[in-house]
Amino acid sequence: MSQRTSSLPTIVSGKNALKTFQTWLRKNAPEQTVILCDSNTLQHCWPVLLQHVPQLSSAALIETDPGESSKSLEIAAYIWQTLTEQAATRKTLLINLGGGMITDLGGFCAALYKRGIPFVHIPTSLLAMVDAGVGGKTAIDFMAVKNLIGTFSNPVSTIIDPVFLKTLPAREWLCGEAEVYKIAAVANASLWRTLTKKGFSPELIEKAVRTKQRIVKKDPYEKNSRQCLNFGHTIGHALESAKQGTLLHGEAIAIGMYIETELAAQLKLITREWCVEMQQALMWRFDTVLQPIDGEALRHFLVHDKKNQKHKLVFALPAQPGHCHINVVATPTQIQKAIAAYNKCMK
Ligand code: GLY
């Protein structure tokens, strides 16, 4: 089986997604299938997958620890070693069953093993369904910097089935919502209006995914417009690295969005009204996550952000609703001023 023989759409989403995948697997029977999961998805999601796709019962399993710390060179080496021990070939299909950590790590390992083997993402968290599992980004962390080593490599397909959300912990759920708010704020004003009027509901997954797909299709390698999806991520990634795993990705992004909205207002890139509307919406939904932060602790990690150009700190900041400014340079003083304003609001 190769990626070319696939007749699966890039994204299969909805209540019958696993059924569609099962039918495809039956027709395209891969030579060998390996499932990558973490101990949480092994316990909660693997039985669900097996129930819907019983022919996977003979697949080999590779299990990692849950959490960002598994996105490491050591764990990648362990996965490559296990694939080698299983005599995996270029026709082996790797199924990444998990949240953003598993889709990033599994995609990375599949992209490099034997110069690339086919892989399918089955995201089990809301965050991986709407963001990490869509658009072909893969990565591991390196020297404590998030996603420092990675590739753009597309899965055969991403299978988004809401059945997995039944066991998703509330904290993880909120992380996924943060990415939905991000996509809406910078790329879909009507989705933003729905979120602020009615709140998030699983029916909005499809809308968020289609919006992200539209962005990725236009700029798959993030040369220009795709950078809008980095809104909240310059501060967010630095914060996540500085907090050494105590803050989840989506939590850091919620804080990052609040501060970067403040920065956009201070740089006069958005009106104060839109700034206040966005910050109120973020405060309303992410009040349990927003907390004062130590701006000084972020300095080192901000310097290593992949988006930086010629040692300048670069941001994707909101413009009018549903639009974004990319390649915005901000000075360390401007950033610290925005963080200080945020910290004041959190008192
Ligand atoms: N997570 C942002 C992107 O996929 O571009």
Side-chain angles (χ1 to χ4, degrees), residues 1-3 5-64 66 91-107 109-110 117-136 138 153-169 172-173 175-176 179-180 200-210 212-213:
M1 198 207 67
S2 78
Q3 276 164 304
T5 59
S6 165
S7 57
L8 263 181
T10 318
I11 305 279
V12 182
S13 69
K15 282 205 296 270
N16 287 323
L18 282 179
K19 200 160 177 231
T20 307
F21 180 52
Q22 190 212 18
T23 310
W24 177 83
L25 257 189
R26 215 180 304 126
K27 284 190 195 142
N28 291 271
E31 214 172 75
Q32 182 190 27
T33 306
V34 178
I35 317 258
L36 176 68
C37 51
D38 64 34
S39 50
N40 288 335
T41 58
L42 181 66
Q43 186 188 349
H44 299 291
C45 304
W46 170 233
V48 177
L49 179 59
L50 210 47
Q51 189 191 338
H52 287 78
V53 192
Q55 66 261 51
L56 288 177
S57 59
S58 57
L61 286 169
I62 305 179
E63 182 192 344
T64 70
K91 291 185 175 173
T92 297
L93 177 70
L94 182 68
I95 298 179
N96 299 315
L97 178 70
M101 181 278 283
I102 287 289
T103 58
D104 279 6
L105 173 68
C109 290
I117 61 172
F119 61 102
V120 164
H121 288 325
I122 306 188
T124 57
S125 72
L126 178 59
L127 186 142
M129 289 179 186
V130 298
D131 193 54
V134 178
T138 82
S153 311
N154 281 301
V156 174
S157 183
T158 298
I159 313 293
I160 300 174
D161 198 311
V163 70
F164 295 111
L165 295 176
K166 285 182 189 159
T167 53
L168 190 68
E172 295 282 349
W173 188 278
C175 285
E179 295 287 1
V180 177
F200 176 79
S201 61
E203 296 77 61
L204 298 179
I205 292 175
E206 182 87 20
K207 263 203 181 138
V209 170
R210 297 297 161 210
K212 175 152 185 189
Q213 262 195 303

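Keep in mind that what you see is a predicted model, and the values were worked out from it rather than measured.
Between Gly176 and Val130, the shortest heavy-atom distance links the atoms O-CG2, 4.0 Å. Looking at every heavy atom in both residues, Leu18 comes nearest to Val163 through CD1-CG1, 3.9 Å. Closest heavy-atom contact between Gly100 and Ala132: CA-CB, 3.7 Å. The minimum heavy-atom distance linking Lys212 with Val134 is given by the pair NZ-O, 2.8 Å. Nearest heavy-atom pair across Pro30 and Leu25 is CD-CD2, 3.6 Å. Considering all non-hydrogen atoms of both residues, Met129 and Ile160 come closest at O-CD1, 3.3 Å.
A donor-acceptor pair is defined here as one N or O able to donate and one able to accept, closer than 3.5 Å; no such pair exists between the side chain of Thr158 and the backbone of Ile11. Panel note: side chain Asp131, backbone Leu127; no donor-acceptor pair is recorded below 3.5 Å.
Thr41 contributes atom OG1, which lies 9.0 Å from atom CZ of Phe164 (distance to the nearest 0.5 angstrom). Expressed to the nearest 0.5 Å, how far CG of Leu36 lies from CG of Leu42 amounts to 11.0 Å. Taking CD1 of Ile95 as the reference point, atom CD1 of Ile102 lies at 13.0 Å (rounded to 0.5 Å). For the atom pair SG (Cys45) and CG (Leu50), the distance works out to 12.5 Å, reported to the nearest 0.5 Å. Distance check: Lys19 NZ to Gln22 CD gives 8.0 Å after rounding to the nearest 0.5 Å. Rounding to the nearest 0.5 Å gives a distance of 9.5 Å between CG of Leu49 and CG of Asp161.
Using a 4.5 Å cut-off on side-chain heavy atoms (C-beta onward), Thr167 and Asn40 make no contact. Contact annotation: the side chain of Met101 approaches that of Thr64 to within less than 4.5 Å [non-hydrogen atoms, C-beta and beyond]. When side chains are defined from C-beta on, Phe21 does not count as touching Val12, because their heavy atoms never get closer than 4.5 Å.
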With a cut-off of 3.5 Å and sequence neighbours excluded, list every side-chain donor-acceptor pair involving residues 119-126.
from, atom 1, to, atom 2, distance (Å)
His121, ND1, Asn96, ND2, 3.3
Thr124, OG1, Gly98, O, 3.4
Ser125, OG, Ala128, N, 3.1

Derivation of the side-chain contact (heavy atoms from CB on, under 4.5 Å) call for Thr10 and Asn154: CA-CA 9 Å; Thr10 318; Asn154 281 301; 5.6 Å; no
